[in-house]
Amino acid sequence: MASEKVETVVAGNYVEMEREEGDSKSGKSKISKYFWHGGSVYDAWFSCASNQVAQVLLTLPYSFSQLGMLSGILFQLFYGLMGSWTAYLISVLYVEYRTRKEREKVDFRNHVIQWFEVLDGLLGKHWRNVGLFFNCTFLLFGSVIQLIACASNIYYINDNLDKRTWTYIFGACCATTVFIPSFHNYRVWSFLGLIMTTYTAWYLTIASFVHGQVEGVKHSAPTNMVLYFTGATNILYTFGGHAVTVEIMHAMWKPQKFKLIYLIATLYVLTLTLPSASAVYWAFGDTLLTHSNALSLLPKTKFRDTAVVLMLIHQFITFGFACTPLYFVWEKFVGVHETKSLLKRALARLPVVIPIWFLAIIFPFFGPINSTVGSLLVSFTVYIIPALAHMVTFASPSARENAVERAPRMVGGWVGLYSMNMFVVAWVLVVGFGFGGWASMLNFIRQVDTFGLFTKCYQCPTHKP
């Protein structure tokens with residue numbers, strides 16, 4: 001009965017907010033409601049699916065050239081399921097935290113709950129500090145990667161400017177995301193973003209089959225341990241997009257309904273990533289080892305240009321997804337988070353974009369940077385810490401007895417749940433962080449040695465006079 005009562009309170013807060021914002025019968029209010037105020041299960045699904053597969057769609061064929069076809073497919077399926085599991089754990093911890101706070105009559109109407117606050121409320125300040133460090137650092141570099149991807153993609157339409165210059169330009173464009181208040185307001189962007197990645201994925205698949213295999217194509221992967229674990233870690237990164245799970249849940253009218261949303265989103269994403277990566281690798285083979293962006297190998301056509309433009313728009317959206325939690329953290333730090341002035345919050349957010357801009361110019365290594373971020377940051381942020389936090393939160397019999405969300409019977413109750421969590425921690429610590437960190441750092445250092453920091457045009461073809 002208690003959990004049902006709390007659920008009503010949680011939903012009630014959001015319903016009241018919607019009512020306050022949407023009482024007007026004007027046409028403007030109705031348009032705003034449909035395009036701006038999202039909080040349904042469908043909004044959350046679009047947000048998860050759209051955020052999960054962005055620029056990484058273009059680097060997965062590169063990972064297949066490091067892993068080989070079979071390993072590439074198996075790692076996608078394996079990490080897709082593992083990512084869905086830890087997203088479920090995060091959602092359980094969010095509901096547990098929120099329920100406890102709602103019982104204490106805490107009102108979150110003008111406050112967005114974040115992952116580090118969940119850890120703080122359930123486990124204390126040390127967990128909060130660790131979660132805050134990994135989450136913010138990952139999202140910072142996640143935003144950097146989107147900015148690098150923008151410059152990498154636009155170059156294939158217009159190579160009159162080098163990639164560094166394009167990074168300057170798109171850094172200014174992406175800074176406009178400071179005006180989007182929260183994930184509550186990404187309704188139309190999430191929907192459009194998923195359409196864009198769906199088009200790009202099927203363009204890569206069809207264009208590769210139409211192009212056919214290049215002359216003398218070779219599929220020699222896997223050839224060495226460094227490349228193998230670098231490719232595997234990029235896939236770990238691909239399905240580690242749930243660092244914004246708490247913020248997406250908080251934007252829902254009924255966060256309790258989130259449970260399986262990420263899994264369903266992952267299943268859809270796999271229908272995009274598996275065919276596209278397999279087709280491009282089949283067509284170009286080992287050539288992908290020196291072409292981390294799959295679009296660079298396909299002939300210039302209006303269909304490719306359309307894919308480039310759509311991915312650019314989508315990367316702008318994903319930049320907003322990755323950066324918005326950072327905006328919230330900064331707002332709370334400077335004390336403007338609960339102000340109702342959108343302009344004041346937007347101006348306060350601008351300093352967050354500057355280090356992202358700067359890092360994108362220093363490390364423009366599209367592809368290798370994904371694996372490095374995956375091994376060193378994603379491994380802890382969305383795999384190890386959530387699994388450990390869940391085990392510690394429900395370690396005592398009383399905590400398990402009073403849990404808002406009981407352990408699912410289909411995984412074997414609490415024993416099965418703890419077994420799965422321990423497996424996730426051990427696997428990601430050894431394979432993802434250990435071997436993956438070693439391999440991706442070696443590959444990253446190799447890129448620095450070959451191209452140098454602040455390189456003007458990473459992997460650009462040499463123009464003949």
Side-chain angles (χ1 to χ4, degrees), residues 50-51 54-59 136-181 183 185-186 189 192-193 196-197 237 241 243-244 292-293 295-296 308-331 333-334 342-343 345-370 372-373 377 444 447-448 451-460:
S50 179
N51 181 53
Q55 52 73 36
V56 78
L57 185 70
L58 307 177
T59 65
C136 288
T137 311
F138 166 46
L139 291 171
L140 179 77
F141 278 96
S143 304
V144 169
I145 288 169
Q146 300 309 320
L147 203 49
I148 294 169
C150 286
S152 178
N153 288 342
I154 192 64
Y155 184 80
Y156 299 118
I157 289 182
N158 186 338
D159 59 2
N160 293 324
L161 299 176
D162 58 71
K163 291 182 182 179
R164 187 201 295 171
T165 305
W166 281 120
T167 303
Y168 292 137
I169 294 168
F170 279 100
C173 294
C174 289
T176 59
T177 56
V178 299
F179 291 102
I180 302 177
F183 286 96
N185 310 108
Y186 271 94
W189 291 115
L192 292 175
M196 293 167 188
T197 48
Y237 169 83
V244 295
S292 54
N293 190 329
L295 291 172
S296 65
V308 170
V309 171
L310 292 179
M311 286 305 290
L312 284 172
I313 300 170
H314 185 264
Q315 278 144 15
F316 165 82
I317 298 167
T318 313
F319 180 93
F321 270 115
C323 222
T324 298
L326 295 177
Y327 295 152
F328 292 154
V329 172
W330 183 251
E331 286 173 1
F333 178 74
V334 298
L342 178 58
L343 182 60
R345 288 176 66 191
L347 292 173
R349 291 173 169 190
L350 280 174
V352 176
V353 182
I354 295 170
I356 295 169
W357 212 345
F358 187 62
L359 288 168
I361 294 164
I362 299 177
F363 306 116
F365 311 124
F366 184 68
I369 194 173
N370 293 19
T372 308
V373 171
L377 298 173
F444 190 80
Q447 304 302 316
V448 175
F451 297 95
L453 299 176
F454 295 99
T455 184
K456 288 185 71 174
C457 214
Y458 176 65
Q459 288 188 342
C460 295

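Computed from a predicted structure; not experimentally measured.
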Problem set entry | 4.5 Å side-chain heavy-atom contact, L326 and C136 | yes

For this session: Mind listing the closest non-hydrogen atom pair of T197 and L57 along with its distance?
Result: O-CD2, 3.7 Å

Seminar exercise, completed: CG of L192 to CD1 of I317, rounded to nearest 0.5 Å, is 6.0 Å

Exercise. How are the rings of F321 and Y186 set relative to one another: parallel (under 30°), tilted (30 to 60°) or perpendicular (over 60°)?
Worked result: parallel

Problem set entry | Minimum heavy-atom distance C150-L312, with the two atoms named | O-CD2, 3.2 Å

Problem set entry | Gap separating the CG atom of L359 from the CD1 atom of I354, nearest 0.5 angstrom | 12.0 Å

Problem set entry | For F316 against C173, the heavy-atom pair lying closest together | CE1-O, 3.6 Å

For this session: Before giving the answer on side-chain contact (heavy atoms from CB on, under 4.5 Å), spell out for I145 and V373 the whole-Å C-alpha distance, their side-chain angles and the decisive distance to 0.1 Å.
Result: CA-CA 9 Å; I145 288 169; V373 171; 4.0 Å; yes

Problem set entry | Any T324 side-chain heavy atom under 4.5 Å of I180 side chain | no

For this session: List the atom of W357, the atom of Y168, and the distance in Å for their closest heavy-atom pair.
Result: CZ2-O, 3.0 Å

Exercise. Do W330 side-chain atoms and A348 backbone N/O form a donor-acceptor pair below 3.5 Å?
Worked result: yes

Exercise. Which heavy atom of P181 sits nearest a heavy atom of L342, and at what distance?
Worked result: CG-CD1, 3.8 Å

Problem set entry | Inter-residue atom distance L377.CG - T137.OG1, 0.5 Å rounding | 6.0 Å

Problem set entry | Any T59 side-chain heavy atom under 4.5 Å of N293 side chain | no

Problem set entry | Nearest-0.5 Å distance that lies between atom OG1 in T176 and atom CZ in F319 | 9.0 Å

Problem set entry | Between CZ on residue F170 and CD1 on residue I154, distance to nearest 0.5 Å | 4.5 Å

Exercise. Only one of I356, L139, L147, V244 forms a side-chain contact (heavy atoms from CB on, under 4.5 Å) with C323, so which one is it?
Worked result: I356

Problem set entry | Minimum side-chain heavy-atom gap C174-Q315 below 4.5 Å | no

Problem set entry | Non-hydrogen side-chain atoms of Y237 and F138 separated by less than 4.5 Å | yes

For this session: Specify the closest pair of heavy atoms between G142 and A322, including all atoms of both residues, with the distance to one decimal.
Result: C-CB, 4.3 Å

Exercise. To the nearest 0.5 Å, how far apart are CG in L347 and CG in L343?
Worked result: 4.5 Å

Exercise. Does R349 use its side chain to pair, donor to acceptor, with the backbone of V178 at less than 3.5 Å?
Worked result: yes

